[in-house]
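Here it is, the structure in full.
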Amino acid sequence: MKSARQMGLVACQYCTRVWPGETKICGRCGHHIRSRDPVSLQKVWALWTVGMMCYIPANIYPMLATETLVSSQKNTIVGGALELGRHGAWGIAIVILVASVLIPVGKFMAIAALAFGVTSGSRLKPHTRQILHEIVEYVGRWSMIDVFVVAILSSLVQLGSVASIHPGRASLYFALSVFFTMLSAQAFDSRLIWDADAPPEPDGPPVKGFGPVSQITPDTTFDFPFSAGAATLTVASATERRAEPPFSDPQTRKDSPT
Amino acid sequence: MTRDMTQTDDRTPQTPGAIQGHAPADLAGMIACPRCDAVFRAIEPAPNQRAICTRCHHVLIAPRRRAGKRIIAVSMSVLILLVAASAYPFLSIATTGLSNSSSILDAALAFTSDGLLAALSFVLAGLIVFIPAARAVLSIYVLAPLVLDRDAFPGAPFAFRLSEHLRPWSMAEIFAIGCAVALIKVADLATVSFGPAFWMFALLVLLVVVQDNLACRYSIWKALGE
Ligand SMILES: [Zn+2]
Ligand SMILES: [Zn+2]
């Protein structure tokens, strides 16, 4: 298996189209493409640092200010969760602690580990690091839950002197921290994880171009986990396949896909 | 790592000769894994089958039967639900004669009282209502001509790329979970109940999941053509 870079090609990460190595803009989707962004890791670290800098005031300033007839108190993220715990609502306290402390801190560590793994090697398998990156990208947005809770409470609990809740300054910093860590995770190019695994071809440099495609076909098989029968299909057997186009009924489609 | 990159940069000016001798059609039939850069010759799987990168196990192609029509139907429902859910209250609170109810736009605009926090209000309104709505509109714009077997609308590739860009920033489902958390949080302070908009949002969460599972990037890009 060869990467596009090894073949002297450049791939579009948006639409998966492959182009000759010098292509700058994808002809199919218009995305700016480059084989590898030389400053990708710098971007990751810059956004990571800003996210971290926002996360500190997010934990120092109050997240919520609650005023009731008998009391008035301001709670930080951790303080608010512990307060809920003291009232017996441990389930919800754990949800908030996971979303606002465990996930953000774990995310900072995971992104740092991924970036370090590219520069100085990693003991983890590429596939493990790939899964780590996917988890970070998927889970990162869920940290916003606490900001939404603050917004909901602030708009809902407006009962005059009986009870009212106002958002604290920490909600802004917390939201910014989530945004910047999301951007940091997005800036990380997961292809860098696999590059160490696929050094340029030992038999002749790839500078000679990528050669006839037939050279790469033997190991370019696809897995069809849900297909009855063969687990993998080779290129030759698949050319006879006629898949129903997903966007129109075959009988109404005028141009036949080639 | 840095050395490898400079190699890439160095060799690009030297390759055109080799590339010109190559039929562009060959490249059109190939697919590169966006996660690990492995190149494959694309074989379109039958509906409900998936083509998976053999190197990193990323799902490359996952076409669904009549995905276009179904995505359009789901997108329209999302739009209708968003408009309706924005107008009705999603939570209401009552205690000792006092009551208040809050709609989604109320919640998003909760921060307007404070100057610095006001910016956050507009961002939240975007994340909860406008970005999910924009994604639904963009999906319909991109897919409607494809389903009707017409030429794609002008700017369709840009519209689809924008829709994919917005995907991680569409946070309606996170807001729905936030509602449940908020309900429990103030339960001892007052009587809180779900309004009609909450159930619309719960339905919306399901629809967004369906929409994301139906969409196969590769099939849509292929249908949009070059
Ligand atoms: Zn592209
Ligand atoms: Zn892959």
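Atoms considered below: every heavy atom in the structure, side chains included; atoms not considered: hydrogens, waters and symmetry mates.
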Open item on the list: Once side-chain hydrogen bond (donor to acceptor under 3.5 Å, both in side chains) is applied, do any residues pair with Gln42(A), and if so which ones, sequence neighbours excluded?
Closed with: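 For Gln42(A) there are no side-chain hydrogen bond (donor to acceptor under 3.5 Å, both in side chains) partners, ignoring immediate neighbours.
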
Open item on the list: Quick check: do Val181(B) and Phe148(A) have side-chain heavy atoms less than 4.5 Å from each other?
Closed with: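 Val181(B) does not reach Phe148(A) side chain to side chain.
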
- [ ] Below 4.5 Å from any heavy atom of chain B, which atoms of Tyr138(A) appear? Answer side chain, backbone, both or neither.
- [x]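 When you check distances to chain B, no heavy atom of Tyr138(A) falls under 4.5 Å.
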
- [ ] Have a look at Tyr14(A) and tell me which of Glu164(B), His165(B), Arg161(B) forms a side-chain hydrogen bond (donor to acceptor under 3.5 Å, both in side chains) with it.
- [x]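 Going through Glu164(B), His165(B), Arg161(B) one by one, the side-chain hydrogen bond (donor to acceptor under 3.5 Å, both in side chains) with Tyr14(A) is satisfied by His165(B) alone.
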
Task: Interatomic spacing from CZ in Arg35(B) to OG1 in Thr16(A) - rounded to 0.5 Å - done: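 Arg35(B) CZ to Thr16(A) OG1: 13.5 Å, rounded to 0.5 Å.
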
Task: Portion of Ile131(A) that has a non-hydrogen atom of chain B nearer than 4.5 angstrom - done: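 Contact with chain B: none, neither part.
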
Open item on the list: Please report the interatomic distance CD1(Ile174(B)) to CD1(Ile145(A)), rounded to the nearest 0.5 Å.
Closed with: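 If I round to the nearest 0.5 Å, the distance is 7.5 Å.
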
Open item on the list: How long is the straight-line distance from CH2 of Trp221(B) back to CZ of Arg17(A), given to the nearest 0.5 Å?
Closed with: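 Rounded to the nearest 0.5 Å, the CZ-CH2 separation comes to 12.5 Å.
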
- [ ] Start with the C-alpha distance between Gln158(A) and Ile93(B), add both sets of side-chain angles, then the distance that settles side-chain contact (heavy atoms from CB on, under 4.5 Å), and finish with yes or no.
- [x] CA-CA 9 Å; Gln158(A) 294 297 337; Ile93(B) 187 171; over 6 Å; no

TODO: Carefully, step by step, assess Cys56(B) and Gln130(A) under the rule side-chain contact (heavy atoms from CB on, under 4.5 Å).
DONE: CA-CA 8 Å; Cys56(B) 74; Gln130(A) 163 98 347; 3.5 Å; yes

Task: Pick from Ala182(B), Ser99(B), Pro157(B) with the largest number of heavy-atom pairs that fall under 4.5 Å of chain A - done: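 The residue among Ala182(B), Ser99(B), Pro157(B) with the greatest pair count is Ala182(B).
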
Task: Part of Val18(A) lying under 4.5 Å from any heavy atom of chain B - done: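 Interface part for Val18(A): both.
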
Task: Side chain, backbone, both or neither of His31(A) within contact of chain B (heavy atoms, under 4.5 Å) - done: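 Its backbone and side chain both get close to chain B.
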
- [ ] First locate atom CD1 of Ile104(B), then atom OG of Ser155(A), and finally report the distance between them rounded to the nearest 0.5 Å.
- [x]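 Answer rounded to 0.5 Å: 10.0 Å.
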
Open item on the list: Can you confirm whether more than 12 heavy atoms, excluding those of Tyr88(B), are under 6.0 Å from its OH atom?
Closed with: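 No, because the 6.0 Å sphere around OH of Tyr88(B) holds 12 heavy atoms or fewer from other groups.
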
Task: Asp37(B): which of Arg36(A), Arg5(A), Lys2(A) passes salt bridge (Lys or Arg N to Asp or Glu O under 4.0 Å) - done: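 Testing each of Arg36(A), Arg5(A), Lys2(A) against Asp37(B), the sole residue satisfying salt bridge (Lys or Arg N to Asp or Glu O under 4.0 Å) is Arg36(A).
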
TODO: Before giving the answer on side-chain contact (heavy atoms from CB on, under 4.5 Å), spell out for Phe160(B) and Cys29(A) the whole-Å C-alpha distance, their side-chain angles and the decisive distance to 0.1 Å.
DONE: CA-CA 8 Å; Phe160(B) 186 54; Cys29(A) 71; over 6 Å; no

Open item on the list: Quick test of your reading of the model: are Glu173(B) and Arg141(A) salt-bridged, counting only N-O distances below 4.0 Å?
Closed with: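 Looking at Glu173(B) and Arg141(A), the cut-off is met.
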
Task: Which portion of Leu156(A) sits near chain B, non-hydrogen atoms under 4.5 angstrom - done: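 Contact with chain B: backbone and side chain both.
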
- [ ] Go through Ala163(A), Gly30(A), Ala99(A), Ala93(A) and name the one with the most non-hydrogen pairs under 4.5 angstrom from chain B.
- [x]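 Sorted descending by pairs with chain B, the first entry is Gly30(A).
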
- [ ] Tell me, for Ile33(A) versus chain B, whether the close heavy atoms (under 4.5 Å) come from the side chain, the backbone, both or neither.
- [x]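 No part of Ile33(A) comes within 4.5 Å of chain B.
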
Open item on the list: Measuring from atom CD1 of Ile184(B) to atom CG of Leu84(A), what distance do you get when rounded to the nearest 0.5 angstrom?
Closed with: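 So the CD1 of Ile184(B) and the CG of Leu84(A) are separated by 10.0 Å.
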
TODO: Measure Ser171(A) against the heavy atoms of chain B and call it side chain, backbone, both or neither at under 4.5 Å.
DONE: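 For Ser171(A), backbone and side chain are both near chain B.
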
Task: Interchain contact, Leu183(B) with chain A, by part (heavy-atom threshold 4.5 Å) - done: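 When you check distances to chain A, no heavy atom of Leu183(B) falls under 4.5 Å.
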
Task: Nearest atoms (heavy-atom pairs only) where Ala107(B) meets Ile152(A) - done: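 The answer is CB-CA, 4.2 Å.
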
- [ ] Sort Ser121(B) into side chain, backbone, both or neither according to what part of it lies under 4.5 angstrom from a heavy atom of chain A.
- [x]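 It is neither, since no heavy atom gets under 4.5 Å.
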
Open item on the list: Let's test your reading of the structure: which of His133(A), Met182(A), Gln186(A) forms the most heavy-atom pairs below 4.5 Å with chain B?
Closed with: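 Result: the option with the highest number of such pairs is Met182(A).
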
- [ ] Assess whether atom OH of Tyr61(A) is packed by more than 12 heavy atoms of other residues, nucleotides or ligands within 6.0 Å.
- [x]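 Atom OH in Tyr61(A) is not crowded, with 12 or fewer foreign heavy atoms closer than 6.0 Å.
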
TODO: To the nearest 0.5 Å, tell me how far Asn100(B) CG sits from Ser164(A) OG.
DONE: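 Result: 11.0 Å between the selected atoms.
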
Open item on the list: Looking at Arg55(B) and Trp194(A), would you say the former's side chain and the latter's main chain have a donor-acceptor pair under 3.5 Å?
Closed with: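 Yes, Arg55(B) side chain to Trp194(A) backbone: donor-acceptor pair under 3.5 Å.
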
TODO: Check the pair Met144(A), Leu127(B) against side-chain contact (heavy atoms from CB on, under 4.5 Å), reporting the backbone distance first and the verdict last.
DONE: CA-CA 10 Å; Met144(A) 277 301 280; Leu127(B) 296 176; 3.7 Å; yes

